[in-house]
Undergrad: 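Can you read through this structure? Questions will come right after.
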Amino acid sequence: MAQFWKPGSEKPRPVILDDEEGGVLFFSAAPSISGYGYASLEGQRQRLPVFKHRTAILYLVESHATTIIVGETGSGKTTQIPQYLKEAGWAEGGRMVACTQPRRLAVQSVATRVAEEMGVKLGKEVGYTIRFEDITTPGVTMIKFLTDGVLLREMMNDPLLTKYSVIMVDEAHERSLSTDMLLGLLKKIQRRRPELRLIISSATIEAKSMSNYFLPRKKRQEQASENGTPSTQPAILSVEGQGFVVEISYLEEPAPDYLQAAVSTVLSIHDQEPMGDILVFLTGQDDIDAAVQLLTENAQKRGKHSSGMLVIPLYSGLSRADQDLVFSPMPKGKRKVVISTNIAETSLTLEGVVYVVDSGFSKQRFYNPITNIENLVVAPISKASAKQRAGRAGRVRPGKCFRLYTEEYFVKEMPAEGIPEMQRSNLVSSVIQLKALGIDNILGFDWLASPSPESMIRALEVLYSLGVLDEDAKLTSPTGFQVAEIPLDPMISKMILSSNELGCSEEIITIAAILSIQSIWVSGRGSQKELDEARLRFSVAEGDHITYLNVYQGFLRSGKSTQWCHKNFINYQAMKKVAEIREQLRKLMKQLGINLKSCDKDTQVIRKAIIAGFFAHACRLEPFGQSGVYKTIRGSQEVYIHPSSVLFRVNPKWVVYHSLVLTEKHYMRNVIAIDPSWLTEAAPHFYQLQKPNPAMF
DNA sequence: GAGCACTGC
């Protein structure tokens with residue numbers, strides 16, 4: 001390799017955790033470590049054969065209410081532990097063993113594997129539940145895999161989760177919003193249900209903080225031991241993974257431009273290293289497209305020599321067909337180079353990767369509770385992330401990871417863990433869910449990582465202004481309870497409920513479904529002009545939301561055709577999801593006693609329903625400023641209509657937007673034109689009529 | 001006239 005690389009000092013090591021805290025400790029179950037390991041059980045250090053993996057887990061579960069399992073990728077814990085528990089009788093008497101995952105795909109694949117291992121039909125003894133799919137049989141299913149979000153929803157009907165005897169929360173170190181909420185609630189449930197067993201599966205780096213979080217207060221501990229019940233001390237069990245060794249290299253000097261550094265690193269790997277695919281982590285579509293172009297140009301320049309390289313971009317905005325290219329088999333002698341966002345860090349697994357190039361950056365969401373604006377910025381990743389990225393090189397054989405930063409930076413400056421999503425997000429959805437579960441004191445909730453008081457207060461304010469919470473911060477009836485029932489952003493849910501009286505619920509649930517997915521347009525294909533033209537075919541003067549109705553109707557008229565989507569630059573997978581969400585909403589409306597009515601072509605009532613949820617997002621065109629400058633009514637924030645909006649350059653006097661995106665300017669995405677009188681009509685508590693001001697009209 | 005990391009209910 002080029003001489004600027006120096007080998008890292010991160011050595012693979014067996015995981016031995018100290019037992020100073022009094023927790024139970026166990027040694028590795030990795031095949032590479034044979035013989036015996038040390039375990040400290042009930043404070044006594046013992047030598048135990050490592051193959052007693054099953055025994056150790058059952059010991060912990062039977063004698064501890066809370067167990068922290070530490071496991072690496074490929075340690076088999078996710079598939080094995082539920083089976084051990086079932087064999088030991090934990091899934092009997094009508095109770096189930098539950099196992100959560102943060103992603104739908106993981107739930108499906110783990111459930112499938114366990115059913116196979118047990119030789120049963122999926123959906124019988126072993127089943128799974130994800131949104132839109134419930135593959136379980138009541139009374140028969142003993143082991144149930146589900147997404148953490150589904151388990152949270154289940155709590156709304158069964159707050160103590162009485163169906164389950166053991167709940168395993170996998171990938172807890174990822175610290176997703178749902179996982180953090182789930183852990184907080186499970187800790188609460190344990191007080192009411194001391195017999196409930198929890199298994200929290202987390203990466204080593206997070207084990208200690210998880211363990212401390214579940215550490216009971218002294219008093220309860222004494223009570224428990226008096227009753228002769230199992231110790232409530234959290235325990236740590238270490239399970240070693242089976243991945244191959246990945247050799248880490250760092251830059252000698254910091255790179256001024258990680259894009260350039262990534263490109264030249266790929267080229268030197270291709271020149272100097274044996275065959276094996278390369279995976280490059282960059283931050284977003286722009287970077288990725290640029291890198292793909294640079295590499296492709298370079299390969300052409302160098303002619304035959306470099307033609308043995310196929311460069312493929314990967315990010316979620318691509319159509320399914322384009323994404324699937326990364327899985328296509330290579331002709332012999334060709335090297336695959338995948339340039340990816342974080343999607344390849346956890347969501348997609350590429351087999352055959354031997355080299356990883358890690359830029360050290362990713363795009364991350366941050367939330368400012370003062371301005372109530374979420375934005376997306378390129379930020380340094382954490383050590384945990386860097387480790388996960390490197391691990392992607394060791395799935396088929398020993399691999400190499402090239403970090404585009406110095407070892408000194410890694411050791412001294414890179415944060416150990418990322419900031420939990422809970423502290424980077426708008427909390428309206430989380431707060432309403434907690435309220436629906438009867439948790440009144442949001443500020444006093446025992447969070448794993450507490451969000452700022454400002455964020456919590458802002459969320460309460462927004463929910464109050466929507467009429468979802470009353471002056472005492474209690475859910476209103478029926479609006480508050482209904483909004484909590486709908487699995488969407490509360491502002492969208494409020495919009496849906498208002499469409500009932502306005503008689504446009506058919507149209508509004510279509511709009512709600514489209515707004516709750518990322519984008520219905522495909523990216524990465526064709527020219528910008530073609531895409532704009534496609535969009536123009538559907539556009540109407542009332543704005544983007546009404547334009548979406550045209551798109552959906554076109555999709556239906558085409559018989560949900562993939563060709564139609566392709567021709568119109570629309571993402572077929574996204575539209576399929578829209579149809580699914582819409583169907584779920586339709587059923588939910590029925591349950592809530594809301595009639596589905598169409599307003600035909602009356603877009604005014606549709607826009608009024610949108611305002612009922614989004615009145616806080618109203619803006620007025622600055623009458624004397626440069627053209628196209630808007631100010632938010634509340635807050636006087638300067639904003640612009642995003643060029644992708646059908647209202648771009650149309651600049652109606654009054655608009656309401658769905659979301660703001662902050663880049664060089666604050667851009668409004670998804671905008672409708674409104675009449676200002678609708679604002680005071682929909683939200684008199686929020687807007688009051690001013691004395692006529694000539695500047696306004 | 002310019003930009004959308006990634007999940008999930």
Side-chain angles (χ1 to χ4, degrees), chain A residues 100-107 129-134 146-156 171 174-182 281-289 314-318 340-348 359 361-366 374-379 381 385 388 418 421 424-425 429-430 432-433 436 484-490 492-493 512-513 516-524 528-529 531-532 571 574 577 580-581 584-585 588 627-628 640-645 648-651 658-670:
Chain A
T100 75
Q101 291 283 335
R103 281 170 289 276
R104 296 161 49 90
L105 206 74
V107 168
T129 307
I130 55 180
R131 189 184 193 181
F132 310 130
E133 250 183 286
D134 184 7
L146 67 175
T147 41
D148 44 15
V150 168
L151 192 59
L152 275 178
R153 284 277 152 192
E154 285 190 2
M155 285 179 75
M156 286 176 63
E171 313 285 7
E174 287 187 21
R175 306 299 304 276
S176 74
L177 214 76
S178 304
T179 299
D180 268 22
M181 265 181 44
L182 195 58
F281 286 102
L282 295 180
T283 60
Q285 188 182 334
D286 278 358
D287 277 2
I288 290 169
D289 290 344
L314 177 64
Y315 44 85
S316 77
L318 291 172
S340 173
T341 58
N342 252 8
I343 194 169
E345 193 177 301
T346 50
S347 304
L348 273 179
S359 65
F361 289 96
S362 70
K363 280 197 183 168
Q364 291 164 36
R365 186 174 55 207
F366 288 93
E374 280 184 322
N375 58 22
L376 208 56
V377 294
V378 173
I381 61 167
S385 241
Q388 174 74 20
E421 198 182 3
R424 298 185 282 114
S425 308
S429 294
S430 307
I432 197 170
Q433 265 187 301
E485 199 73 33
I486 302 173
L488 299 172
D489 180 282
I492 296 183
S493 306
S516 52
I517 63 159
Q518 264 198 322
S519 172
I520 59 167
W521 310 101
V522 287
S523 44
Q528 192 54 51
K529 196 162 155 257
L531 221 159
D532 284 347
N571 187 330
K577 206 165 163 193
E580 277 181 326
I581 296 174
Q584 187 191 29
L585 291 175
L588 198 55
S627 71
Y640 298 81
I641 293 179
H642 193 280
S644 67
S645 168
F648 179 66
R649 283 202 296 212
V650 176
N651 293 337
H658 175 250
S659 62
L660 275 187
V661 48
L662 176 69
T663 51
E664 277 172 30
K665 295 172 178 171
H666 282 97
Y667 283 106
M668 299 182 267
R669 290 181 65 204
N670 296 325

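Note on naming: letters A, B, ... go to the chains in the order of the sequence lines (proteins, then strands), and numbering restarts at 1 for each one.
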Undergrad: Could you tell me whether the side chain of A:S644 reaches within less than 4.5 Å of the side chain of A:L531, counting heavy atoms only?
TA: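 They are not in contact (no side-chain heavy atoms under 4.5 Å apart), so the answer is no.
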Undergrad: For A:L662 and B:dA5, what is the distance between atoms CG and C1' respectively, to the nearest whole Å?
TA: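 After rounding, the reported distance stands at 15 Å.
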Undergrad: Tell me whether the side-chain N/O atoms of A:T283 come closer than 4.0 Å to OP1 or OP2 in B:dA5.
TA: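 No, because none of the side-chain N or O atoms of A:T283 sits under 4.0 Å from OP1 or OP2 of B:dA5.
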Undergrad: Once you round it to whole Å, what is the distance between C1' of B:dA5 and CD of A:E421?
TA: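 The distance from CD of A:E421 to C1' of B:dA5 comes to 11 Å, rounded to the nearest Å.
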Undergrad: Rounded to whole Å, how long is the line connecting atom CG of A:D289 with atom C1' of B:dA5?
TA: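 Value for this atom pair: 14 Å.
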Undergrad: Which part of the nucleic acid does A:R103 contact within heavy-atom distance under 4.0 Å: base, sugar-phosphate only, or nothing?
TA: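 The residue A:R103 makes sugar-phosphate contact but no base contact.
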Undergrad: Among the nucleotides B:dC6, B:dC9, B:dC4, which one has an atom lying closest to any side-chain atom of A:R104?
TA: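 Per side-chain heavy atoms of A:R104, the pick is B:dC9.
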Undergrad: Side chain of A:S316 only, heavy atoms from C-beta on: which candidate in B:dT7, B:dC4, B:dC9 is closest?
TA: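 The listed nucleotide nearest to A:S316's side chain is B:dT7.
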Undergrad: For a quick check of understanding: with a heavy-atom distance under 4.0 Å over all strands, which category does A:D532 fall into, base, sugar-phosphate or nothing?
TA: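 The residue A:D532 makes base contact.
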Undergrad: Nearest whole Å is fine: how far is B:dC4 P from A:Q285 CD?
TA: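 Taking atom P of B:dC4 as the reference, CD of A:Q285 is at 10 Å.
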Undergrad: Measuring from A:S347:OG to A:L105:CG, what's the distance to the nearest 0.5 Å?
TA: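 Those atoms lie 9.0 Å apart.
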Undergrad: What nucleotide, of B:dC9, B:dC4, B:dA5, holds the atom closest to the side chain of A:T341?
TA: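 Comparing B:dC9, B:dC4, B:dA5 against the side chain of A:T341, the answer is B:dA5.
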Undergrad: Please check this pair: side chain of A:E421 against backbone of A:S176, looking for a donor-acceptor N/O pair closer than 3.5 Å.
TA: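 Not confirmed, A:E421 side chain does not pair with A:S176 backbone.
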Undergrad: Could you give the CE-to-P distance, from A:M181 to B:dC9, as a whole number of Å?
TA: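 So the two atoms are 14 Å apart, to the nearest Å.
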Undergrad: Counting C-beta onward and ignoring hydrogens, is there a side-chain heavy-atom pair between A:Q285 and A:T341 closer than 4.5 Å?
TA: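 Result no, sub-4.5 Å side-chain heavy-atom pair not found.
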Undergrad: State whether A:R365 places a side-chain N or O below 4.0 Å from either non-bridging phosphate oxygen (OP1 or OP2) of B:dT7.
TA: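 The answer is no; no side-chain N or O of A:R365 sits under 4.0 Å from OP1 or OP2.
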Undergrad: Reading DNA chain B from 5' onward, which residue's closest nucleotide shows up sooner: A:S178 or A:S362?
TA: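 Closer to the 5' end of DNA chain B: A:S362.
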Undergrad: Could you work out which one of B:dG8, B:dG3, B:dC6 sits closest to the side chain of A:Y667?
TA: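 The nucleotide sitting nearest to the side chain is B:dG3.
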Undergrad: Could you check how far CG of A:L152 sits from P of B:dG8, rounded to whole Å?
TA: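 To the nearest whole Å, that distance equals 14 Å.
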Undergrad: With a non-hydrogen cut-off below 4.0 angstrom, is A:S347 in contact with a base, only sugar-phosphate, or nothing?
TA: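 Sugar-phosphate contact only - A:S347 comes under 4.0 Å of backbone atoms but never of a base.
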Undergrad: Roughly, in whole Å, what's the span from CD in A:E174 to C1' in B:dT7?
TA: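 Nearest whole value for this atom pair: 9 Å.
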Undergrad: State, yes or no, whether a side-chain contact exists between A:T100 and A:L146 at a heavy-atom distance under 4.5 Å.
TA: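 When only atoms from C-beta onward are counted, A:L146 and A:T100 do touch, with a gap below 4.5 Å.
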Undergrad: Look at A:S519 and B:dC4 and indicate whether a side-chain polar atom (N or O) is within less than 4.0 Å of OP1 or OP2.
TA: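 No, A:S519 has no side-chain N/O under 4.0 Å of OP1/OP2 on B:dC4.
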Undergrad: Which part of the nucleic acid, if any, lies within reach of A:Q364 when heavy atoms closer than 4.0 Å are counted: base, sugar-phosphate only, or nothing?
TA: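 Since no nucleic acid heavy atom lies under 4.0 Å of A:Q364, the category is nothing.
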Undergrad: Select one nucleotide: of B:dG3, B:dA5, B:dC4, the one nearest the side-chain heavy atoms of A:H642.
TA: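 The answer is B:dG3, which lies nearest to the side chain.
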Undergrad: Using a 4.0 Å heavy-atom cut-off across all strands, classify A:I343 as base, sugar-phosphate, or nothing.
TA: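 Touches sugar-phosphate only.
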Undergrad: Would you indicate what A:I130 reaches in the nucleic acid, counting non-hydrogen atoms under 4.0 angstrom: base, sugar-phosphate, or nothing?
TA: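 If one applies the 4.0 Å heavy-atom cut-off, A:I130 turns out to touch the sugar-phosphate alone, with no base involved.
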Undergrad: Just wondering, do A:L282 and A:F361 contact through their side chains at under 4.5 Å, heavy atoms?
TA: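 When only atoms from C-beta onward are counted, A:L282 and A:F361 do not touch, as no gap falls below 4.5 Å.
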Undergrad: Could you give the CD1-to-P distance, from A:I288 to B:dA5, as a whole number of Å?
TA: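 The distance from CD1 of A:I288 to P of B:dA5 comes to 8 Å, rounded to the nearest Å.
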